[in-house]
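Before we start, here is the structure in question, set down as structure tokens.
Remember, it's 1-based here, ligands and their atoms both numbered in the order they're listed.
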Amino acid sequence: MARNVAQQERQEVKFREQCFLAGMLHDIGQLILAFGLHEEYSEVISRAKSQNVPVWQVEREFFGATHADVGAYLLALWGLPNPIIEAVAMHHQPTQCAVPEFSPAIAVHAADVFAHAFSGTNTEMPPPQIDTAHLTSLGLAERIEIWRASCQEMTET
Ligand SMILES: [Fe+2]
Ligand SMILES: [Fe+2]
């Protein structure tokens, strides 16, 4: 879906492929935390659900880092390109990106919201929300529904 969002914005192949990879890997930090800190992570998930607070905020309280931080750190160790690392690091908070423009981070942020909404997965409870204010500041407000519709179409084919 992140690649699809980039396609909607007529980005070049390299950008689109970075979106694809970042999208595939965006929540890899959750696997690391869930496997490495199994009991604590179960508690994080249940607290996020019971308090209706984004899971990454509870992670920050528990571990001092979020699954986005942990995932991005791993991908940096693996030597992946910076736009992919940034997309994973900022997928919940695209306002933190270095440059305020459409980027793989924005594509992954939006696709993450769509994917969680369409699939109904509960790995991030409450479901992530799109940062409409930030996308509006980037001049992308009217693009959101176009992206959503085209990503929804992907789930139907
Ligand atoms: Fe996430
Ligand atoms: Fe996600």
Would you confirm whether the ring centroid of His26 sits within less than 6.0 angstrom of the ring centroid of His92?
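That pair fails the under 6.0 Å test.
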
Assess whether side-chain contact (heavy atoms from CB on, under 4.5 Å) is satisfied between Glu9 and Phe15, documenting all intermediate values.
CA-CA 11 Å; Glu9 296 310 299; Phe15 186 111; over 6 Å; no

Among the N/O/S atoms of Asp27, select the one at the shortest distance from the Fe ion (ligand 1) and name it.
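Of all N, O or S atoms in Asp27, the Fe ion (ligand 1) lies closest to OD1.
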
Metal check, the Fe ion (ligand 1) vs His26 N/O/S, cut-off below 2.8 Å
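Checking the Fe ion (ligand 1) against His26, no N, O or S atom falls under 2.8 Å.
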
Does the Lys NZ or Arg CZ of Arg3 fall within the cation-pi geometry relative to Phe20 - under 6.0 Å from the ring centre and within 45° of the axis?
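Relative to the ring axis of Phe20, which defines the angle, Arg3 lies inside both limits.
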
Using only N, O or S atoms, tell me which atom of Asp112 is closest to the Fe ion (ligand 2).
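The atom in question is OD1.
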
Would you sort out whether Thr66 and Glu59 count as a side-chain hydrogen bond (donor to acceptor under 3.5 Å, both in side chains), showing the intermediate values?
CA-CA 5 Å; Thr66 71; Glu59 290 164 356; 4.7 Å; no

Is there an N/O/S atom in His116 at a distance below 2.8 Å from the Fe ion (ligand 2)?
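Checking the Fe ion (ligand 2) against His116, an N, O or S atom does fall under 2.8 Å.
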
